[in-house]
Amino acid sequence: MSEEKLIFEKGAPGRRAATFPALDVPALDEAAWLPEALRRGAPPDLPEVGEQDLVRHYTRLSQRNIGIDTQIYPLGSCTMKYNPKVNEDVASRDGFRNVHPLQPDSTVQGALAVLWEMERWLAEIAGMPAVCLQPSAGAQGELTALLVCRAYHDSKGRRPRTVLVPDSSHGTNPASAAFCGYRVETVPSRADGTVDLADLRPRITPDVACLMMTNPNTVGVFERDVRAIADLLHDVDAQLYYDGANLNAICGVARPGDMGCDMMHFNVHKTFSTPHGGGGPGAGPIAVKEHLRPFLPVPRVRRGSDGTFSLDHGEPLSIGRVRSHTGNFGILLRGLVYLRSFGGDGLPEIARRAVLNANYLLSRLKGRFDAPYGARCMHEFVLSLSRQKRERGVSALDYAKRLADYGYHAPTVYFPLIVPEALMVEPVETEAKETLDALAEVLGAIDAEDPSALHAAPVNTPVGRLDEVGAARNPVLRWKR
Ligand SMILES: *Cc1c(COP(=O)(O)O)cnc(C)c1O
């Protein structure tokens, strides 16, 4: 593959990708309307590239990517399923794309109806009556819900300081709790990957504000004791948080609210099909039970008795805003299109197929790779490559890099932290059997390859193995001439 120069290194002065008709109105006198301090003197140093070169540049770059539109993307704990093009079609309609968040409510009734309807869908899926769509990501949803939890305890005149987090949890859970000012106490998992009730019991004291649970947890196992755990917490009025980032396994089949959970977040950009990766964009709405509703962020979307919608800024106990306006509208809209495409009756199909696909792939791989949490799973599973490391001297990272040579995005590696040489796979519900078979065969082929091929990988990609530590410690994110 040939070297692709940066866009800044291409073109020549005066080249343009578009031509405009001659100006037929008087030109603006910059000096007359732009304050002195904001004037740059010279125009910004932008690339000057012809249209054909521009299109080819970005088309070539896009082809170097391993993306969901070209190949399965089996990232565990980060559900990456296909992004139906109908979502994009609806989101790009003028009536949605061109509305402004500061327009008067009466002129954006359709957009408010979208938000209101999305809240209703998520409330039903959660089994919790109140939803706030504002947070822009899962992590921000966690923080928002914890702020709501803190406001709830405050309202009762108490200040519990501890949040309990199982050791298999996503890293954002302890981070959000710490960010919210809580002391994080890690709860160890049993050998089967679930929370140990006997170990948990003495930890639940009046100093506990909440426990953050992922269910099924990140090793793909359902926490059967969830109701008992909820009861123990509720005895001291501590709250049970449900991390619903990857809701595929239970969507439309079981509801966190019915399991005894008090609050949760969703990742619309995982479970409900909207694109993510590269840091955005996202939407991490939260749902809460009735006793937490008064503390939700404002503004809230209201529907009047005459059917019209409005934004209500006036909740006295609200924690306030956590983001500008009403959330990441375009992402929420895409999620709503996905939900409506399935319809209420179709939702359980998401869960059934996600669990079936994961179990099928696990059954194809478990003969060759060690599956420390058993032969059955929910929507994802974790393999351990410890034996390969010991016997062949190849690591989970080597397998991940070699997969890129075959054109596959790697599964999640080295997470959860409790599994040595972890390879965490989530095929999702939208993949066909042939695709799962092909992935299983490639993983098997890599397992039979000479270790030197794995150590050298990737060799068929535009760049070889990168210095990831160097990239993280000394990121060069800006082009300078
Ligand atoms: C992705 C994920 C999060 C965090 O979501 P972001 O949108 O990346 O902030 C939290 N918990 C789990 C289990 C996740 O998979």
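For ligands, and for the atoms within them, numbers begin at 1 and follow the listed sequence. Numbering starts at 1 and runs along the sequence shown. Note that this is a predicted model, so its numbers are computed, not measured.
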Side chain, backbone, both or neither: the part of [X] lying under 4.0 Å from ligand 1 by heavy atom:
{"X": "A245", "value": "side chain"}
{"X": "T218", "value": "neither"}
{"X": "H276", "value": "neither"}
{"X": "N246", "value": "side chain"}

Say whether [X], considering both its backbone and side-chain N or O atoms, lies within less than 3.5 Å of an N or O atom on ligand 1.
{"X": "S77", "result": "yes"}
{"X": "Q140", "result": "no"}
{"X": "G138", "result": "yes"}

Under 3.5 Å, is there a donor-acceptor pair linking the side chains of [X] and [Y]?
{"X": "Y414", "Y": "E421", "answer": "yes"}
{"X": "E429", "Y": "N248", "answer": "yes"}
{"X": "N357", "Y": "H379", "answer": "no"}

Below 4.5 Å, heavy atoms only, C-beta onward: do M212 and L146 meet side chain to side chain?
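They are in contact (side-chain heavy atoms under 4.5 Å apart), so the answer is yes.
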Are Y152 and R158 packed together at the side-chain level, in the sense that at least one heavy-atom pair is separated by less than 4.5 angstrom?
yes
Would you call G284 a ligand 1 contact, heavy-atom distance under 4.0 Å?
no
Determine, considering heavy atoms only, which of E380, E426, E142, K270 sits nearest to atom 14 (C) of ligand 1.
K270
